[in-house]
A.B. asks: 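Here it is, the structure, as structure tokens.
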Amino acid sequence: MNMVEKILARASGRKAVTPGEVVVANVDCLLLHDLSGYLTAKVFEEQVKRPMRYPERVVMIFDHHFSPPNEEQAVLLQQNRGFARRHGIHLFDCGNGNTHHVGVQNGFIRPGTVVVGSDSHTPIHGTLGCFATGLGNDSHAGTVMPFGKAWFRVPEAIQVRLTGRHKPGVTPRDVVQWLIGTIGEGGAIYKALEFTGPYIHELGVWDRWLFPMITVDVGAKCGYIEPDEKTIAFVRSLTDRPFDPVTGDRDSTYEAVWDWEISDLEPQVTCPPTVGYVKPIGAAAGAPIQWAELGGHGGGRIEDIRMAAQILRNRKVAPEVKFNLVPSSRAVFTQAIREGLVELLHEAGATWFPASTGSNQAINMGAMAADETMISTHARNFPGRNGSPEAKMYLASALTVAASAVKGCVADPREFLS
Amino acid sequence: MGKAFAEKVLARAAGLSDVRPGEIVDVYPDLYMSHMASWRCIRTLEKMGTDKLYDPERIAMVMDHISPARIAKTADDQRLCREFAVRKGINKFYDVEAGIAHVVLMEAGHIRPGMVVIGTDSHSTIYGALGALGTGVGFSEITAAWVTGKLWMKVPESIKVIIEGPLARGTSSKDVMLKLIGDLTADGATYCSVEFHGSYVERLSISDRMTLCNLAMELGAKNAFVRPDEITRSYLGERGVPPGQYTEIHPDPDPVYVKSVTIDGRSLVPQIACPHTVDNVKPIDQVAGTKVNQVFVGSCANAKYEDLVEAARILKGRKIAPGVRLLVSPASKEIVARTVKDGTYSILLEAGALITNPGCSACAGDGGVMADGEVTLSTANRNFQGRMGSYNAEIYLGSPAVAAATAVRGVITDPREFL
Amino acid sequence: MTEKIGGRLIKFGDNVNTDVIIPGRYLVSIDPQELAKHAFEPMGTEVQKRLWSSQVVVGGKNFGCGSAREQAASCLIGCGIKAVVAKSFSRVFFRNCINTGLPAVECSEAAEAALDGGELWIDLEQGMVEVQGESFSFASYPESLKQILEAGGLIPYLAKYVLPQQEALKRHTPELSRR
Amino acid sequence: MEIRGRCWKFGDNIPTDKIVRTDMIFKPWSEILKHVLESCNPEFPAKVKPGDIVVAGKHFGQSSGRAIAAKAMKQTKVGCIIAESFARTFYRNGFEIGMPLLECPGITAQVSDGDILRVEIESGKIVNEKTGGEFEAKPTPPFLLDMLKAGGLIAMADRLAGEG
């Protein structure tokens with residue numbers, strides 16, 4: 001059995017499971033954010049009407065808001081706070097960071113566990129050797145909250161083996177975007193993607209993190225990286241709670257093995273209007289932008305902020321561009337201050353925003369007029385997510401975003417790296 | 001009999017040798033500030049069918065009330081302003097990242113002693129902190145000024161406010177003003193020019209003078225004034241404006257004041273303006289212990305560098321109370337830079353504050369909105385019903401020190417407990 | 001401006017502020033009809049209904065204190081209000097009334113005498129307010145303000161009188177504060 | 001379970017954002033329904049009738065995992081959705097709220113807007129009455145058919161909990 005099969009078997013009290021089977025498994029952690037949390041809470045209290053079985057496993061994080069912009073949203077947050085208090089679940093209010101970063105940094109995510117959440121990027125936690133996937137409100141309200149369980153169809157696994165070394169100016173984010181373009185939107189529906197190979201194993205945990213993040217956009221159920229010493233040390237540094245890591249058997253079977261060598265990759269840009277529209281930088285460079293942003297579920301890491309600083313040291317943001325920086329968590333924000341990056345980037349003309357998901361769904365920021373364009377480290381670029389449906393969003397690495405902010409158009413970061 | 005500041009400055013700007021209180025004169029302001037309302041001015045201009053500006057040099061635009069945009073319509077309005085500024089050569093254009101208009105224009109050296117400044121914001125009285133006459137107008141008037149260069153003004157009568165210092169421990173310019181507004185009521189200075197004098201004012205920082213002049217609006221004042229001095233000159237000097245570039249206007253030694261009021265700062269205690277009017281002021285012991293859901297350190301009244309430092313002094317090494325949100329919105333980009341550099345920013349962040357980008361933020365309803373039954377302690381200048389969300393929510397106003405102390409305890413708290 | 005203006009009145013107290021007259025959340029709009037729907041919303045729908053069927057707003061002291069938002073005047077126009085009478089006005093609100101073409105009359109006695117739901121008529125030319133069978137005088141507007149009101153507000157006034165002679169105007173500009 | 005209705009055809013990779021616009025999430029159904037799938041077909045919200053059948057291309061309902069997109073489709077009262085394939089959270093959410101879904105690779109080439117389709121959910125048999133064409137959808141797992149019969153996940157939650 002592979003890692004996911006072993007975790008699902010253990011969590012459902014079976015010796016073995018096989019792909020295609022439906023199992024009911026114990027859930028170790030449920031991550032909710034402010035929007036989905038509200039919808040889930042309503043179903044739970046209005047339709048399910050049962051006690052919360054394991055409140056300590058449920059975490060709600062306010063990250064789409066950093067501050068309610070109108071009364072409707074204020075009421076939503078107020079009701080979420082009330083829900084959290086009534087049922088004794090964990091609550092992280094606005095300003096603590098985006099749901100996945102806060103979940104990890106507070107030790108809720110441990111190897112070998114089952115993690116679910118209503119954010120579609122929940123598979124990101126496969127980075128730490130979890131079986132992690134996004135479910136809908138009714139699963140959370142109907143079975144996770146009252147019973148600590150959920151049903152799963154055991155997925156077929158595909159192994160994605162990456163080898164090689166990325167060139168200077170190319171980052172793991174570029175590799176990830178290239179993968180989405182190559183596998184294609186919906187190119188791996190229902191599958192479990194195991195990311196492996198020397199390229200993956202050499203990466204630090206926060207860089208590995210970008211790989212399972214993309215699984216939803218290629219349609220997969222989950223993605224994961226088998227835990228190794230780096231994973232264990234990382235999780236140990238965040239929590240004292242015990243955990244029992246799982247790795248796949250030697251004779252694990254995969255529906256397919258996709259082998260890629262990534263050494264030749266150029267920086268990649270995801271172009272409007274969908275996440276599958278990925279091009280090498282040369283094909284997109286020159287498109288004018290008015291907005292640039294580091295932030296979102298995959299961005300705003302300390303690594304991203306460092307990359308932006310690398311580009312912006314002794315340079316300025318182009319006058320026609322607004323470059324917005326959204327740290328992924330309060331801890332990352334304070335770290336960036338300590339490293340002098342907040343000052344450096346502010347002086348270069350960027351603007352800092354509270355730790356959150358930033359422009360994701362444009363609740364506090366990120367609305368654009370028709371024909372305005374943003375380049376960001378966000379995970380999605382569908383039209384209508386950021387103000388006018390005629391606004392455009394490019395997705396790229398922090399290096400490329402920062403280079404574009406300097407140049408006023410989509411730009412190749414290698415121009416700025418000596 | 002001599003002339004008060006307002007009479008002298010308006011005579012100068014009207015091109016007349018002598019004006020008297022009550023007289024209506026055509027004034028040519030030196031600067032016309034418009035913020036979020038700028039797009040309306042541009043649309044009105046289009047409607048008037050003219051494209052000629054009297055003097056683009058006198059136009060200042062700051063995109064402060066909603067920054068950045070949350071809906072496409074706002075993004076579109078802001079783009080209209082941006083493009084208009086480029087097309088018309090308006091070089092005093094400050095975009096969504098700059099901060100609150102008043103503070104930004106003062107920091108940039110655009111406000112100088114002896115100027116007459118009109119703005120689409122009632123708190124334009126704040127410009128008195130640099131010895132200028134600042135007053136609020138509607139967007140039609142700004143549009144008219146863009147085109148004709150002038151507007152009608154009634155020459156105000158003047159009120160003298162004498163503040164004696166030094167202030168008692170734990171109090172600040174905010175407490176002085178709340179006390180004054182409580183005593184004189186919300187229309188205590190309607191149509192009047194309020195001049196601040198006295199030993200406390202003479203050695204006062206520009207930041208505190210800004211708080212005084214800003215809050216004079218809540219007395220109904222047309223404008224406010226602090227006599228320019230060495231502190232003014234050095235503030236301007238640091239911003240690249242040498243004394244040769246402005247002409248100070250001082251009141252004569254013996255002007256006619258319709259009213260003279262003295263406040264003794266030496267016996268002051270922290271003051272709180274209770275819901276829903278700014279003149280519903282009580283000494284802090286009468287409201288201490290009131291539970292709050294949110295604390296807001298922001299607005300043109302009290303989100304300046306000195307205000308954030310004051311809050312950080314109390315928050316250093318402490319955490320905000322569980323269940324309380326602390327929202328901090330620095331007034332300008334420059335303030336962000338200074339607080340990051342000296343560690344104030346980190347102190348606030350580590351205490352649990354949520355620090356937004358610079359701008360009007362919750363004071364203009366841009367975030368920090370409350371649901372029914374919630375309570376905010378705010379350092380802003382207004383606590384009107386519905387200003388921060390629900391009509392059934394409450395806003396208390398106090399100084400940055402009160403705000404910090406309140407955030408730590410979760411209930412309205414006298415900052416002297418922490419000093 | 002020879003005809004009397006007025007009709008049914010709705011009376012408010014002292015220090016009515018602009019956040020009550022038109023809450024900040026509605027300022028995205030500048031359409032008087034749209035704004036009218038939200039005028040005085042914090043005071044509840046009963047008050048709003050009476051406002052919409054009135055022609056005169058009567059206020060106490062310091063009416064319209066608060067923001068410089070011009071919509072505080074234009075929303076009343078959208079409600080069908082013909083004039084505002086108060087004991088005293090906040091100055092920006094007063095300006096905004098004149099500039100949007102809404103007569104604002106400062107007349108303490110008339111505001112005192114007015115009864116909620118009664119009638120009030122104003123003769124702007126004579127500077128008289130009639131209410132509860134009594135007449136009260138008020139200081140009539142200076143000529144320049146009369147012209148603005150007559151034109152229907154500042155912008156129409158400019159279009160009619162000022163813009164045509166723009167060039168002539170420029171020659172009379174006084175010395176500016178040095179910059 | 002047989003459904004007969006008019007066909008509305010849509011393309012590939014339609015995200016949840018296009019089914020329910022993000023700024024509509026917390027609006028009442030009456031408001032949301034005015035905009036369902038409008039950016040793909042502006043006529044759909046006004047003209048969709050109970051019992052109509054939506055046919056979509058690959059990866060229908062991708063992007064966000066929130067059930068609101070599936071719930072909105074159910075609120076339009078369409079009889080069922082047939083797609084070349086579904087995004088997995090949409091598929092899951094559909095059955096959990098009692099909305100029948102069928103996966104039928106190749107279907108979009110065989111039907112047009114306005115065709116009358118007859119669909120049998122259990123067997124997966126699809127008939128295009130206009131062309132006479134007959135197609136076989138992929139079989140639906142019995143577990144999900146049970147859920148559909150029970151009226152959705154919450155109705156069968158107790159039974160599920162007993163299994164784990």
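By convention in this document, chain letters (A, B, ...) are assigned in the order of the sequence lines, proteins followed by strands, and residues within each chain are numbered from 1.
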A.B. asks: How far does CG of A/D138 sit from NZ of D/K71, to the nearest 0.5 angstrom?
C.D. replies: 4.0 Å
A.B. asks: Any side-chain heavy atom of A/T133 sitting closer than 4.5 Å to one from D/R92?
C.D. replies: no
A.B. asks: Heavy-atom distance under 4.5 Å to chain A: side chain of D/E103, backbone, both or neither?
C.D. replies: side chain
A.B. asks: So do A/W151 and D/M147 actually touch side chain to side chain, heavy atoms under 4.5 Å?
C.D. replies: yes
A.B. asks: Which heavy atom in D/I68 sits nearest to a heavy atom in A/N137, and how many Å separate them?
C.D. replies: N-OD1, 4.2 Å
A.B. asks: Check whether A/R50 gets within reach of chain D through its side chain, its backbone, both or neither, counting any heavy atom under 4.5 Å.
C.D. replies: side chain
A.B. asks: Quick one: what part of D/F90 sits under 4.5 Å from any heavy atom of chain A, side chain, backbone, both or neither?
C.D. replies: neither
A.B. asks: Output yes when a side-chain donor or acceptor of D/R88 lies under 3.5 Å from a complementary backbone atom of A/K191, and no otherwise.
C.D. replies: no
A.B. asks: To the nearest 0.5 angstrom, please state how far the OG atom of A/S139 sits from the CD1 atom of D/I154.
C.D. replies: 9.0 Å
A.B. asks: Considering only heavy atoms and a distance below 4.5 Å, find which of A/V216, A/L135, A/T274 pairs most often with chain D.
C.D. replies: A/L135
A.B. asks: When you compare the side chain of A/Q361 with that of D/I25, does any pair of heavy atoms fall below 4.5 Å?
C.D. replies: yes
A.B. asks: For A/G142 and D/A157, which heavy atoms make the closest approach, and how far apart are they?
C.D. replies: O-CB, 3.3 Å
A.B. asks: First locate atom CZ of D/F26, then atom NZ of A/K42, and finally report the distance between them rounded to the nearest 0.5 Å.
C.D. replies: 10.0 Å
A.B. asks: How many angstroms lie between CZ in A/R153 and CG in D/L144, if you round to the nearest 0.5 Å?
C.D. replies: 9.5 Å
A.B. asks: Using heavy-atom distances under 4.5 Å, tell me whether A/S118 contacts chain D through its side chain, its backbone, both, or neither.
C.D. replies: backbone
A.B. asks: Which atoms form the tightest heavy-atom contact between D/H59 and A/D217, and what is the distance?
C.D. replies: CE1-O, 3.9 Å
A.B. asks: Below 4.5 Å, heavy-atom pairs only: which of D/D17, D/D12, D/I97 has the largest tally toward chain A?
C.D. replies: D/D17
A.B. asks: To the closest 0.5 Å, what do you measure between OG1 (A/T143) and CD (D/E96)?
C.D. replies: 7.0 Å
A.B. asks: Does any heavy atom of chain D fall under 4.5 Å from the side chain of A/R385, the backbone, both, or neither of them?
C.D. replies: both
A.B. asks: Can you see which heavy atom on D/F86 is nearest to which on A/Y190, and at what distance?
C.D. replies: O-OH, 4.0 Å
A.B. asks: Sub-3.5 Å donor-acceptor pair from the side chain of D/Q62 to the main-chain atoms of A/G186, do we have one?
C.D. replies: no
A.B. asks: Please classify the contact between A/V43 and chain D as side chain, backbone, both or neither, with a heavy-atom cut-off of under 4.5 Å.
C.D. replies: side chain
A.B. asks: How long is the gap from OG on D/S63 to NE2 on A/H121, to the nearest 0.5 Å?
C.D. replies: 7.5 Å
A.B. asks: Looking at A/V23, A/T40, A/L76, which one has more heavy-atom pairs under 4.5 Å with chain D than the rest?
C.D. replies: A/L76
A.B. asks: Heavy-atom distance under 4.5 Å to chain D: side chain of A/L39, backbone, both or neither?
C.D. replies: side chain
A.B. asks: Examine whether an atom of A/A379 lies under 4.5 Å from a heavy atom of chain D, and if so say whether it belongs to the side chain, the backbone or both; otherwise answer neither.
C.D. replies: neither
A.B. asks: Specify which of A/G136, A/P383, A/A141 makes the most heavy-atom pairs with chain D at under 4.5 Å.
C.D. replies: A/G136
A.B. asks: Do other residues, nucleotides or ligands put more than 12 heavy atoms under 6.0 Å from D/K9 NZ?
C.D. replies: yes
A.B. asks: Does any heavy atom of chain A fall under 4.5 Å from the side chain of D/R66, the backbone, both, or neither of them?
C.D. replies: both
A.B. asks: If you take all heavy atoms of A/S120 and D/G65, which pair is closest and at what distance?
C.D. replies: CB-N, 3.7 Å
